[in-house]
J.: 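Sharing a structure below in structure tokens format, with a few things to ask.
Since we're looking at a predicted model, the values are computed, not measured. Heads up: numbering here begins at 1 and tracks the sequence. Both ligands and their constituent atoms are indexed starting at 1 by order of listing.
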Amino acid sequence: MLSSTHTIPQKNIAIMGATGSIGDSTLSVVSQHPDLYNVVGVTGFSRLDKLLSICQQFKPTYVCVAKEKEATFAQMLSEAHLNCKILIGEQGLVELATLAEVDMVVAAIVGAAGLPSTLAAANAGKTILLANKEALVMAGELMIKAVKQSNAKLLPIDSEHNAIFQCLPTAVQQQRNAIHDDNHGIKKLWLTASGGPFLHKTLDDMKRASVAEAVKHPNWSMGQKISVDSATMMNKGLELIEASFLFDMPVSEIEVVIHPQSIVHSMVEYNDGSFLAQLGSPDMRTPIAHAMAYPDRISSGVERLDIFKLSGLNFVRPDLEKFKCLGLAYQAMQQGSYACIALNASNEIAVQAFLNGDIRLTDIADINEKVLLQAEKQPIGSLQAILAVDKLSREQAHQCIADLNA
Ligand code: NDP
Ligand code: MG
């Protein structure tokens, strides 16, 4: 394990989405190892007070905010006597993610907004700690191609994917995307899911669910969008697509299993009958610390898992009628990349509409299904093509919401 006496050079980190939940966990790990990590840049979007306090504590050289917040934030920095260089909007995100002095990019912006900077980091050959699963769902082929061409490193910090990564042979870990070339005796990937707050509730309960009930995850503390995605199990659907691209496994060889305790974070099944699993307390600082130090290990501040206190570990099959969004993800992967983009875009619009109180929780799956049906088969070879499908699908989702409320 690394310690302060370890002589590896300090790594420069850019944290995209520093004001969010993954941002919090990353900064918590960084603050425990100031000798190993230097925060070069951070980004925020709407939470300026939080962004300012991050700047006060970590003194980054660069900070990126939305264009309309630039003047206000510049004033805030000046009043706090901080002279960070301000980068602006989407262009600023890309600039930060590709700066020569940045070694490691933590991709933790939520949704499609994170795609351009995550893809730019991949093209620039950075080490990417990937939380922003939507980037892979939208642009899996492009991302993996960019990683290979530029020799970037893509380390998953989504807990399930990080768990799978930890259970893979070193040869696969170090040669990204290599499972399918030589399957190393790997039979199947098992993605665990908690089942979210409605696991033991009926579909009718889900229909009546309030926003507060939907975002109250039993085991994890996360941002609002991923919390709603966990309630509908769209999150597991997005993760299925994420895993397929990350590990080059067809979705038919990836199985989702509900494990309500969230202790086993995922598993790899081998041809000889072995299942390798990664276990730990449900705290994102474990996968983040793992990826930050990979291939070494550092402490994370996570409460130690007390094996003697575990009352039991259960594994059950997901109910695809209740959690229709999970089935839609399998369907989208069978259709092709254009369908994954459409599904992701529709879901982002529908989740926001639910959070705004405009639709019911169960409407999200129906809207996603309708938009997926409308998605037109087409080749996806560029960021422009992705953004065009994304834009059209968002419009279609808005139309579905308008129809529901008409
Ligand atoms: P949060 O909502 O807590 O944080 C999102 C971050 O993105 C914030 O910094 C936010 O800024 C920023 N942001 C939002 N919209 C934009 C935009 N249009 N442009 C630029 N920045 C923007 O989300 P999480 O931290 O929970 O999740 C982040 C990503 O990580 C998601 O893709 C999620 O699926 C993934 N993930 C999260 C896990 C978790 O435990 N939280 C676990 C596994 C994956 P601001 O707050 O200032 O508005
Ligand atoms: Mg996850």
J.: Could you verify whether a donor N or O on one side chain and an acceptor N or O on the other, from Asp229 and Asn347, lie under 3.5 Å apart?
T.: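 Yes, Asn347 and Asp229 have a side-chain donor paired with an acceptor closer than 3.5 Å.
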J.: When you measure from the side chain of Gln75 to the backbone N and O of Ala71, does any donor-acceptor pair fall under 3.5 Å?
T.: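 Pair absent, no side-chain N/O of Gln75 close to backbone of Ala71.
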J.: Of the protein's non-hydrogen atoms, which lies at the shortest distance from atom 14 (C) of ligand 1, and what is that distance?
T.: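 Answer for atom 14 (C) of ligand 1: Val110 CG1, 3.8 Å.
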J.: Mind checking whether Asp158 has an N or O less than 3.5 Å away from an N or O of ligand 1?
T.: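 Asp158 vs ligand 1: no N/O contact under 3.5 Å.
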J.: Give the residue and atom name of whichever protein heavy atom lies nearest to atom 32 (O) of ligand 1, and the separation in Å to one decimal.
T.: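 The closest heavy atom on the protein side is Glu134 OE1, 2.7 Å.
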J.: Yes or no on side-chain hydrogen bond (donor to acceptor under 3.5 Å, both in side chains) for His161 and Glu242, after CA distance, side-chain angles and deciding distance?
T.: CA-CA 8 Å; His161 306 72; Glu242 179 187 13; 3.2 Å; yes
J.: Checking the side chain of Lys126 only, and the main-chain atoms of Val102 only, is there a donor and an acceptor separated by less than 3.5 Å?
T.: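 Yes, the answer is positive, given that a donor and an acceptor are paired below the 3.5 Å cut-off.
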J.: Give the minimum heavy-atom separation between Ser300 and Val29, together with the two atoms involved.
T.: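 That closest heavy-atom pairing would be O-CG2, 4.2 Å.
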J.: Identify the closest protein heavy atom to atom 2 (O) of ligand 1: which residue and atom is it, and at what distance?
T.: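 It is Gly223 CA, 3.9 Å.
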J.: Which protein heavy atom lies closest to atom 46 (O) of ligand 1, and at what distance to 0.1 Å?
T.: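 Answer for atom 46 (O) of ligand 1: Arg47 NE, 2.5 Å.
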J.: Are the side chain of Thr192 and the backbone N or O of Val264 linked by a donor-acceptor pair below 3.5 Å?
T.: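 At least one qualifying donor-acceptor pair exists.
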J.: Work out whether the distance between some heavy atom of Ala108 and some atom of ligand 1 is less than 4.0 Å.
T.: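 Flag set, Ala108 near ligand 1.
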J.: Kindly check if the number of other-residue, nucleotide or ligand heavy atoms within 6.0 Å of CG (Asp204) is above 12?
T.: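 Result for CG/Asp204: enclosed.
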J.: Among Val63, Leu77, Thr19, whose side-chain contact (heavy atoms from CB on, under 4.5 Å) with Leu52 holds?
T.: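 Answer to the side-chain contact (heavy atoms from CB on, under 4.5 Å) test with Leu52 among Val63, Leu77, Thr19: Leu77.
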J.: Can you tell me if Lys50 has over 12 outside heavy atoms packed within less than 6.0 Å of its NZ?
T.: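 Enclosed.
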J.: For the Mg ion (ligand 2), what is the closest N, O or S atom on Asp158?
T.: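 Nearest N/O/S atom of Asp158: OD1.
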J.: With nothing but distance in play, are any N or O atoms of Gly44 less than 3.5 Å from an N or O of ligand 1?
T.: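 Among all N and O atoms of Gly44, none is under 3.5 Å from an N or O of ligand 1.
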J.: Taking the six-membered ring for Trp, is the centroid-to-centroid distance between Tyr294 and Phe165 below 6.0 Å?
T.: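 That pair passes the under 6.0 Å test.
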J.: What residue and heavy atom of the protein are closest to atom 8 (C) of ligand 1, and at what distance?
T.: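 Ranking protein heavy atoms by distance from atom 8 (C) of ligand 1, first comes Thr19 OG1, 3.5 Å.
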J.: Check Glu90 against ligand 1 and report side chain, backbone, both or neither, counting heavy atoms closer than 4.0 Å.
T.: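 Within the 4.0 Å criterion, Glu90 makes no contact with ligand 1.
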J.: Any N or O on Leu93 sitting closer than 3.5 Å to an N or O of ligand 1?
T.: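 No; the residue has no nitrogen or oxygen that sits under 3.5 Å from a nitrogen or oxygen of the ligand.
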J.: Kindly confirm or rule out an N or O of Gly17 lying under 3.5 angstrom from an N or O of ligand 1.
T.: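 N/O-N/O distance below 3.5 Å exists for this pair.
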J.: What protein heavy atom is closest to atom 30 (O) of ligand 1, reported as residue, atom name and distance in Å?
T.: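 Of every protein heavy atom, Ala131 CB, 3.3 Å lies nearest to atom 30 (O) of ligand 1.
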J.: Give a yes or no on whether the backbone of Ala342 and the side-chain of Ser346 come within a donor-acceptor separation of less than 3.5 Å.
T.: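 No; judged by distance alone, with no hydrogens or angles, the pair does not exist.
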J.: Determine the minimum heavy-atom distance between Cys167 and Leu276, stating which atoms define it.
T.: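 Between these two residues, the closest heavy atoms are SG-O, 3.5 Å.
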J.: Pick one of side chain, backbone, both or neither for how Ser46 approaches ligand 1, counting any non-hydrogen atom pair under 4.0 Å.
T.: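 For Ser46, the contact with ligand 1 is made by both the backbone and the side chain.
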J.: Do me a favour and list the nearest non-hydrogen protein atom to atom 4 (O) of ligand 1 with residue, atom name and distance?
T.: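 Sorting protein heavy atoms by distance from atom 4 (O) of ligand 1 puts Gly20 CA, 3.2 Å first.
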J.: Under 3.5 Å between any N/O of Met222 and any N/O of ligand 1: does that happen in this structure?
T.: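 N/O-N/O distance under 3.5 Å: no.
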J.: Taking Asp103's backbone N and O only, do any of them form a donor-acceptor pair with Asn12's side chain (distance below 3.5 Å, no angle check)?
T.: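 A pair under 3.5 Å: no.
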J.: Any heavy atom of Lys225 sitting closer than 4.0 Å to ligand 1?
T.: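 The answer is no, since Lys225 has no heavy atom less than 4.0 Å from ligand 1.
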J.: Please say whether Thr43 places an N or O atom under 3.5 Å from an N or O atom belonging to ligand 1.
T.: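 There is no such contact.
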J.: Hey, does the side chain of Lys188 reach the backbone of Asn271 with a donor-acceptor pair shorter than 3.5 angstrom?
T.: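 Not a single qualifying donor-acceptor pair exists.
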J.: Tell me, which N, O or S atom in Glu239 is closest to the Mg ion (ligand 2)?
T.: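 The Glu239 atom nearest to the Mg ion (ligand 2), restricting to N, O or S, is OE2.
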J.: Suppose I only count heavy atoms of Asn132 and a 4.0 Å limit; which atoms of ligand 1 are within that range?
T.: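 Answer for ligand 1: 32 (O).
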J.: Check all N, O or S atoms of Glu160 and name the one closest to the Mg ion (ligand 2).
T.: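 Of all N, O or S atoms belonging to Glu160, OE1 is the one nearest the Mg ion (ligand 2).
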J.: Taking all non-hydrogen atoms of both residues, which atom of Lys225 and which atom of Leu238 are closest, and how far apart?
T.: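 It is NZ-CD1, 3.9 Å.
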J.: Taking only heavy atoms of Ala113, which atoms of ligand 1 are found under 4.0 Å from at least one of them?
T.: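 So the atoms of ligand 1 that pass are 17 (C), 18 (N), 19 (N).
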J.: Evaluating non-hydrogen atoms only, which member of Ile22, Ile15, Thr118 is closest to atom 37 (C) of ligand 1?
T.: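 Nearest heavy atom to atom 37 (C) of ligand 1 lies in Ile22.
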J.: Establish, from distance only, whether the side-chain atoms of Gln396 and His398 form a donor-acceptor pair under 3.5 Å.
T.: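 No donor-acceptor contact under 3.5 Å links the two side chains.
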J.: I want to confirm something. Looking only at heavy atoms, which of Ser230, Ser227, Ser21 is nearest to atom 41 (N) of ligand 1?
T.: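 Heavy atom nearest to atom 41 (N) of ligand 1 belongs to Ser21.
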J.: What is the nearest protein non-hydrogen atom to atom 15 (N) of ligand 1, stated with its residue, atom name and distance?
T.: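 Answer for atom 15 (N) of ligand 1: Phe45 CD2, 3.7 Å.
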J.: Test your reading of the structure: does Gln224 have an N or O sitting under 3.5 Å from an N or O of ligand 1?
T.: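 Checking ligand 1 against Gln224, no N or O pair falls under 3.5 Å apart.
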J.: Below 4.0 angstrom from a heavy atom of Met284, which ligand 1 atoms are there? Numbered from 1 as shown, please.
T.: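 That gives atoms 40 (O), 42 (C), 43 (C) of ligand 1.
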